Participant: 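Sharing a structure below in structure tokens format, with a few things to ask.
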Amino acid sequence: MPHWTEPARELPVLARCDVLVVGGGSAGAAAAIAAARSGARTLLVEQQGFLGGTSTGALVAPMMANHLQKQPLNQGIYLEVLEQLLATGDADIYKDGNAGWFNPEMLKITLESLAVEAGVDIWFHTWLADALVRDGVLRGAIVETKAGRGVIEASCCIDASGDADLAFRAGVPMVVGRADDGQNQPMALRFNLGHVDLQRAMQYFAELGEFEWTDSSRNPDIPLWTTACTWDKSWPLSPVFAQAVANGDLSEDDAAYFQIFTLPGRPGEVAFNCPRLDGITDALDPHERNKVQLQGKQRILKLWRFCRRYLPGFEHSYIAQIAPMIGVRESRRIVGEYVLTSDDFFAARKFEDAIARNNYPIDIHARDKKGGLHFMAQGDYHEIPFRCLVPLQVENLLVAGRCLSADFAAQGAVRIIPNCYAMGQAAGVAAALATQQALSPRALPPALLRQHLNWMNGEEPCL
Ligand SMILES: Cc1cc2nc3c(=O)[nH]c(=O)nc-3n(C[C@H](O)[C@H](O)[C@H](O)COP(=O)(O)OP(=O)(O)OC[C@H]3O[C@@H](n4cnc5c(N)ncnc54)[C@H](O)[C@@H]3O)c2cc1C
């Protein structure tokens, strides 16, 4: 391949901080808030102009239930955020006890307010370009902004980029996709329809059968309901989709995965967990990302027309929003001090250095036999050890969120938003402690970390 050699150049040091967080999604926002509250001078760089990442920018709502006896398994900043949203009617509690039904726009503002209040220095529209590693120790990052390229020096960095961009560039060992064939889960481009007659739509789904909802006291005009349709089993909507395929209004692919939710704080709006782009899986390939944008919008158009024509209540709907970020279920995963496995999941394994708890099922989107939901024994949970956030080979770096150290199946369970908050919070506290004690996070005694993560010990306040 023809190539150019990039000339060496001196870069300005734009800032120095104790903790640098790359990526402001669920994990990154929680990490930055926790680090700043723990006394660290914290700087967060984010390529978009908002916090929340996939949860806000890819329109991924609701936060999945991760509960035992209707009580959330994780607490801390995740619950604090939900409490703020509940107070304004921008979150709501489903009948299973999950308060994670939320309004993505208000989540952006809530996270931003909490981060600013904690003293986080947020740099939006800033892109991580490279890692600065000397003798196996990460010293900071090179970033790109509209003003050009520069350096941020940090005592400790947290990679919460979802794709482990910083860890990858720092030389941390990585794995991608399924162990046998490297295949990733499919990407998605989510969207919302506005001006839906929710009552009429609900009545229609109720008439179709097997349909439940939760009436809301916060949003009396927005009952919480969800419905879905896939080809692998029979749903109340299956005959409707079959008819649309027979009429040539949808292809089998368009209808392979359909799921919708109402949204607290957004009357008349419905969120679509689709189109799922089954053949487009490699989020690290820029051409595949383009395909999500181009094919995704065409599929959205078809789904919208289908809804208007076939679903009562949707006749006058319009496309209210197409997600600014593509939906990536998984891409790179770091190899850390511990690799969480599906065996840990099914054995409901607990760890001395646990920083999060999960019983959400292994959720693999794939149309071959390896796809589907796989549940653990009822009434139990497994834990995520801190070592899953500690990468091999590079010091002064932690990794939080969906790119943690886990096998493909275990990642398919723990990648949900509540766990990303818990991982981020633990990484933020650990990075601040490591900085204060002049240790690499790898050397932090688990007991000390747990002492500072007091929600894990059932203590108040949550941080
Ligand atoms: C289609 C889909 C449906 C899902 N459904 C659900 C659901 O219903 N409920 C649920 O709980 N979970 C769901 N999930 C999973 C969940 O949304 C994600 O796993 C979780 O939000 C990931 O959080 P994160 O903080 O690890 O990463 P992200 O939220 O992706 O955050 C990463 C952040 O880093 C930024 N970034 C990336 N690279 C750079 C860079 N080089 N420089 C600067 N910034 C950068 C990004 O802009 C982003 O803000 C779904 C995921 C998808 C894709």
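Remember, it's 1-based here, ligands and their atoms both numbered in the order they're listed. Everything numeric here is computed off the predicted structure, so don't read it as measured data.
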Participant: So if I count the atoms of ligand 1 from 1 in the order they appear, which ones are less than 4.0 Å from some heavy atom of G25?
Facilitator: 25 (O), 29 (O), 31 (O), 33 (C), 49 (O)
Participant: Taking only Lys NZ, Arg NE, NH1 and NH2, and the carboxylate oxygens of Asp or Glu, determine whether R387 and D353 approach each other closer than 4.0 Å.
Facilitator: yes
Participant: Please state which protein non-hydrogen atom is closest to atom 41 (N) of ligand 1 and give its distance, to 0.1 Å?
Facilitator: D165 OD2, 3.0 Å
Participant: Find all atoms of ligand 1 within a distance of less than 4.0 Å from any non-hydrogen atom belonging to G53, and give their numbers and elements.
Facilitator: 29 (O), 48 (C), 49 (O)
Participant: I need the nearest protein heavy-atom contact for atom 26 (O) of ligand 1: residue, atom name and distance, please.
Facilitator: R402 N, 2.9 Å
Participant: Show the numbers, then the answer: is there a side-chain contact (heavy atoms from CB on, under 4.5 Å) between L43 and V19?
Facilitator: CA-CA 6 Å; L43 196 156; V19 176; over 6 Å; no
Participant: Should H67 and D96 be marked as a side-chain contact (heavy atoms from CB on, under 4.5 Å) after you check the CA-CA gap, both sets of side-chain angles, and the distance that decides it?
Facilitator: CA-CA 9 Å; H67 286 53; D96 59 1; over 6 Å; no
Participant: Out of curiosity, is V328 lining ligand 1, as in a heavy atom under 4.0 Å away?
Facilitator: yes
Participant: For ligand 1, is there an atom lying under 4.0 Å from some heavy atom of P418?
Facilitator: yes
Participant: With heavy atoms of A160 as the reference, note each atom of ligand 1 found under 4.0 Å away.
Facilitator: 31 (O), 32 (C), 33 (C), 34 (O)
Participant: Has E330 got a side-chain atom pairing as donor or acceptor with Q185's backbone, closer than 3.5 angstrom?
Facilitator: yes
Participant: Provide, to 0.1 Å, the distance between atom 47 (O) of ligand 1 and the closest protein heavy atom, together with that atom's residue and name.
Facilitator: E46 OE2, 2.6 Å
Participant: Between R169 and A129, is there a donor-acceptor pair closer than 3.5 Å when you use the side chain of the first and the backbone of the second?
Facilitator: yes
Participant: Do R266 and D90 sit within salt-bridge range, that is, some charged N less than 4.0 Å from a carboxylate O?
Facilitator: no
Participant: At a 4.0 Å threshold, what atoms of ligand 1 neighbour a non-hydrogen atom of A188?
Facilitator: 1 (C)
Participant: Is any NZ, NE, NH1 or NH2 atom of the basic residue among R289 and D282 found under 4.0 Å from an Asp or Glu carboxylate oxygen of the other?
Facilitator: no
Participant: Can you confirm whether more than 12 heavy atoms, excluding those of F168, are under 6.0 Å from its CZ atom?
Facilitator: no
Participant: Could you tell me, atom by atom, which parts of ligand 1 come under 4.0 Å of a heavy atom of N273?
Facilitator: 1 (C), 3 (C)
Participant: Under a 4.0 angstrom heavy-atom cut-off, which atoms of ligand 1 come close to G401?
Facilitator: 26 (O)
Participant: For ligand 1, does D163 get within less than 4.0 Å through its side chain, its backbone, both, or neither, judged by non-hydrogen atoms?
Facilitator: neither
Participant: For R41, is there an ion pair with E153 - N to carboxylate O distance below 4.0 angstrom?
Facilitator: no
Participant: Is V143 in contact with ligand 1, taking contact as a heavy-atom separation below 4.0 Å?
Facilitator: no
Participant: Among all protein non-hydrogen atoms, which one is nearest to atom 9 (N) of ligand 1, and what is the separation to 0.1 Å?
Facilitator: P62 O, 2.8 Å
Participant: Consider every N or O of M325 and every N or O of ligand 1, then say whether any pair is closer than 3.5 Å.
Facilitator: no
Participant: Identify the residue among D254, D253, D278 that makes a salt bridge (charged side-chain N to carboxylate O under 4.0 Å, His left out) with R299.
Facilitator: D254
Participant: Any idea which protein heavy atom is nearest atom 29 (O) of ligand 1, and the distance to it?
Facilitator: T54 N, 2.8 Å
Participant: What atoms in ligand 1 come closer than 4.0 Å to a heavy atom of G327?
Facilitator: 53 (C)
Participant: Hey, looking at atom 52 (C) of ligand 1, which of V60, L128, L189, I416 has the closest heavy atom?
Facilitator: V60
Participant: Look at the aromatic rings of Y94 and W101 and report parallel, tilted or perpendicular, splitting at 30° and 60°.
Facilitator: parallel
Participant: With a 4.0 Å heavy-atom cut-off (strictly under), which part of S161 contacts ligand 1: side chain, backbone, both or neither?
Facilitator: both
Participant: Taking distance alone, with no angle check, do Q47 and ligand 1 share an N/O pair under 3.5 Å?
Facilitator: yes
Participant: When only distance counts, is M64 in polar contact with ligand 1, meaning an N/O pair under 3.5 Å?
Facilitator: yes
Participant: I need the atoms of ligand 1 closer than 4.0 Å to a non-hydrogen atom of Q48, numbered in the order shown.
Facilitator: 47 (O)
Participant: In terms of residue, atom name and distance, what is the protein heavy atom nearest to atom 3 (C) of ligand 1?
Facilitator: R190 NH1, 3.5 Å
Participant: Can you pull out the closest protein heavy atom to atom 25 (O) of ligand 1? Residue, atom name and distance to 0.1 Å, please.
Facilitator: A27 N, 2.9 Å
Participant: Counting heavy atoms only, which of H365, R415, M423, M63 comes nearest to atom 16 (C) of ligand 1?
Facilitator: R415
Participant: Grab the two heavy atoms, one from V292 and one from L277, that are nearest each other, plus how far apart they are.
Facilitator: CG1-CD1, 3.6 Å
Participant: Checking a contact table here: which protein heavy atom is nearest atom 1 (C) of ligand 1, and how many Å away?
Facilitator: R329 NH2, 3.4 Å
Participant: Check for me whether A58 has a heavy atom closer than 4.0 Å to any atom of ligand 1.
Facilitator: no
Participant: Within a radius of less than 6.0 Å around CD of Q293, do more than 12 heavy atoms belonging to other residues, nucleotides or ligands occur?
Facilitator: yes
Participant: Dump the intermediate steps for side-chain contact (heavy atoms from CB on, under 4.5 Å) on N98 and I93, then the final yes or no.
Facilitator: CA-CA 5 Å; N98 180 18; I93 306 175; over 6 Å; no
Participant: Report the C-alpha separation of I362 and F375 in whole Å, then their side-chain angles, then the decisive distance to 0.1 Å, and conclude whether the side-chain contact (heavy atoms from CB on, under 4.5 Å) test is met.
Facilitator: CA-CA 7 Å; I362 293 176; F375 294 86; over 6 Å; no
Participant: Mark yes or no for whether N219, through its side chain, and I222, through its backbone, hold a donor-acceptor pair below 3.5 Å.
Facilitator: no
